[in-house]
Amino acid sequence: MSCNEFQANLDRYIDGELIPTDMRSAAQHASACSSCETLVTSSQQLSALLTTAVTDRVTAVDVSGLWKSIEAKLDQDDFVTAESGAPRHVSLFTNPSPWRRFGGWVGALVGTTTEGSFMPVRLGALAAAAAAVALMVVFPATETETPRVGPATTASTKSIGPAASSIIMAAAAKSRVRPVRIDSMEVAAGRNVTTWMRPKTKTRVIWVGDSNATEGFGVDNLSLER
Amino acid sequence: MRRIANIASVGLLGLVFAAPAAIVLCGVEIAQAEETSILKIAAVLATKERGSFDPRLEPLRSDLRSLPFRSYALLATQTCTVSGGDQCAMNVPSNGFLQVTTTESTETHLKLRLVLNQENRPVVNADLKLNRNAGILIKSSRTEGGTVLISIKTSPVTQ
């Protein structure tokens with residue numbers, strides 16, 4: 001790869017968008033050509049500077065007084081009921097707490113802010129909100145490890161590009177989070193793969209061998225850790 | 001009639017509460033800060049003949065000692081500081097090339113796309129999620145001199 005070709009593909013190289021063979025050629029050129037390597041370094045530094053600048057601007061935004069200003073605004077506002085024909089300003093509660101005011105505001109939206117019907121509505125709303133929050137919080141927390149290739153699992157095969165190869169998409173979903181999770185893996189044709197975890201070091205070993213299994217590392221001759 | 005109205009109100013309120021909750025929580029997930037991480041890649045030549053253990057591989061000793069080799073030598077290392085979208089690549093002995101692209105980097109984990117080429121052919125193409133301070137160890141190919149192992153470790157950038 002020449003310097004001109006490399007510089008024409010510089011952005012795609014830095015973004016990792018080149019095909020693997022071009023990536024390799026570009027990387028080899030960059031490692032051999034000091035001027036192109038300098039270009040890569042300066043582009044990466046520029047990218048890092050931009051990222052840092054944007055992050056700094058975002059983190060500099062002060063939202064600490066946001067809720068207080070909302071509360072102050074709520075205190076100023078009166079609620080308008082939809083029960084009467086014409087909108088009118090009313091005081092819903094003699095000693096309105098923020099929660100009751102909020103409930104009254106929601107009630108006003110659905111037209112159920114009468115003294116008799118508000119409590120069930122408020123309870124229902126709270127229950128619905130709690131359920132929604134619980135669903136949203138619980139499901140990400142119990143993230144599952146989908147594709148796990150167990151210690152004794154050997155890959156079946158599928159293609160990488162034109163050649164036949166292997167694809168591993170494990171079916172069993174585990175409910176606990178693991179230090180290393182394999183979302184998908186493909187290995188070249190004529191290869192098999194075995195993986196296992198070393199919990200002490202939080203390291204997952206990915207053992208790519210030949211399909212003829214003469215490479216000396218089957219499951220039989222090793223005490224595998226799960 | 002009033003009961004039906006109450007039930008309808010509860011349903012409507014459920015939507016009123018659930019939608020903002022979903023938006024807020026999804027927003028939190030999306031807006032999770034991109035963190036910078038350090039990827040340390042090492043290529044190791046392992047042989048079954050009795051030999052020495054390269055002292056530079058001491059941090060990997062506990063990983064390597066379970067493997068069926070008797071000697072280990074460090075061939076090459078590569079250290080990259082990455083955040084989401086960055087890549088880290090290195091030439092692997094025995095005409096190989098490893099390309100690691102960080103697809104996501106957060107406070108708790110990294111998501112990586114790993115492509116290992118040998119002889120200009122992809123050997124492994126994997127999408128992985130690594131928690132902080134976790135790592136992977138790949139046994140890639142045998143050469144005349146032994147077997148090439150590739151270690152990838154992640155750690156947060158120390159300020």
Side-chain angles (χ1 to χ4, degrees), chain A residues 14-16 20-21 23-24 27-28 31 44 48 51 55 106-107 109-110 112 117 120-121 124-129 131-133 136-137 140 160-161 163 165 177-188 191 193 198 200-209 215-217 221-223 225, chain B residues 2 5-19 21-22 25-26 29 33-34 36 48 62-63 66-68 81 83 85-87 89-91 97 99 101 111 113 115-117 120-131 133-142 151 153:
Chain A
I14 289 173
D15 293 339
T21 51
M23 281 297 303
R24 177 180 177 168
Q28 284 176 335
S31 60
Q44 288 174 334
T51 306
T55 307
V106 173
L109 283 179
V110 296
T112 56
S117 64
V121 170
L126 287 175
V133 171
M136 296 300 294
V137 169
I160 295 178
S165 61
V177 177
R178 293 177 186 276
V180 180
R181 188 184 76 187
I182 299 176
D183 289 331
S184 69
M185 182 185 291
E186 297 175 61
V187 296
R191 309 268 186 157
V193 63
R198 291 191 54 80
K200 285 182 184 175
T201 56
K202 298 181 182 176
T203 300
R204 178 170 285 277
V205 181
I206 301 173
W207 193 267
V208 182
E215 209 162 4
F217 202 73
N221 60 357
L222 183 74
S223 57
E225 297 179 45
Chain B
R2 187 168 183 161
N6 279 343
I7 291 171
S9 301
V10 168
L12 184 58
L13 283 172
L15 285 178
V16 168
F17 277 83
L25 289 171
C26 291
E29 186 72 21
E34 282 283 335
T36 305
K48 295 191 176 184
S62 54
D63 284 330
S66 67
L67 303 181
T81 303
S83 55
D86 290 345
Q87 64 172 3
M90 75 177 288
N91 284 318
F97 180 71
Q99 180 187 335
T101 304
K111 286 189 176 177
R113 163 152 288 191
V115 179
L116 176 62
N117 283 352
N120 282 333
R121 291 178 57 200
V123 176
V124 177
N125 186 347
D127 289 311
L128 306 164
K129 177 183 171 185
L130 276 73
N131 284 358
N133 299 315
I136 54 176
L137 184 64
I138 306 167
K139 177 265 170 189
S140 62
S141 63
R142 281 197 300 180
S151 165
K153 294 277 187 186

Report yes if some heavy atom in the side chain of R181(A) is under 4.5 Å from a heavy atom in the side chain of K111(B); otherwise report no.
-> yes
Which answer fits N117(B), side chain, backbone, both or neither, if we ask what part of it has an atom under 4.5 Å from a heavy atom of chain A?
-> side chain
What is the minimum heavy-atom distance between A134(B) and P179(A), and which atoms define it?
-> CB-O, 3.7 Å
By a 4.5 Å heavy-atom criterion (distance strictly below it), what part of N91(B) contacts chain A: side chain, backbone, both, or neither?
-> side chain
Does the side chain of T203(A) come within less than 4.5 Å of K153(B)'s, by heavy atoms?
-> yes
Please determine, among T101(B), D63(B), T36(B), V115(B), the option with the most heavy-atom pairs under 4.5 Å with chain A.
-> D63(B)
Would you please name every residue forming a side-chain contact (heavy atoms from CB on, under 4.5 Å) with D127(B), sequence neighbours left out?
-> D183(A), S184(A), R113(B)
M185(A) and V124(B) have their tightest heavy-atom pair at CG-CG1, 4.3 Å
Give a yes or no on whether the backbone of S62(B) and the side-chain of R198(A) come within a donor-acceptor separation of less than 3.5 Å.
-> yes
Of all heavy-atom pairs between A188(A) and P122(B), which one has the smallest distance, and what is that distance?
-> CB-O, 3.4 Å
Find the distance between CG (N133(B)) and OG1 (T201(A)) and round it off to the nearest 0.5 Å.
-> 11.5 Å
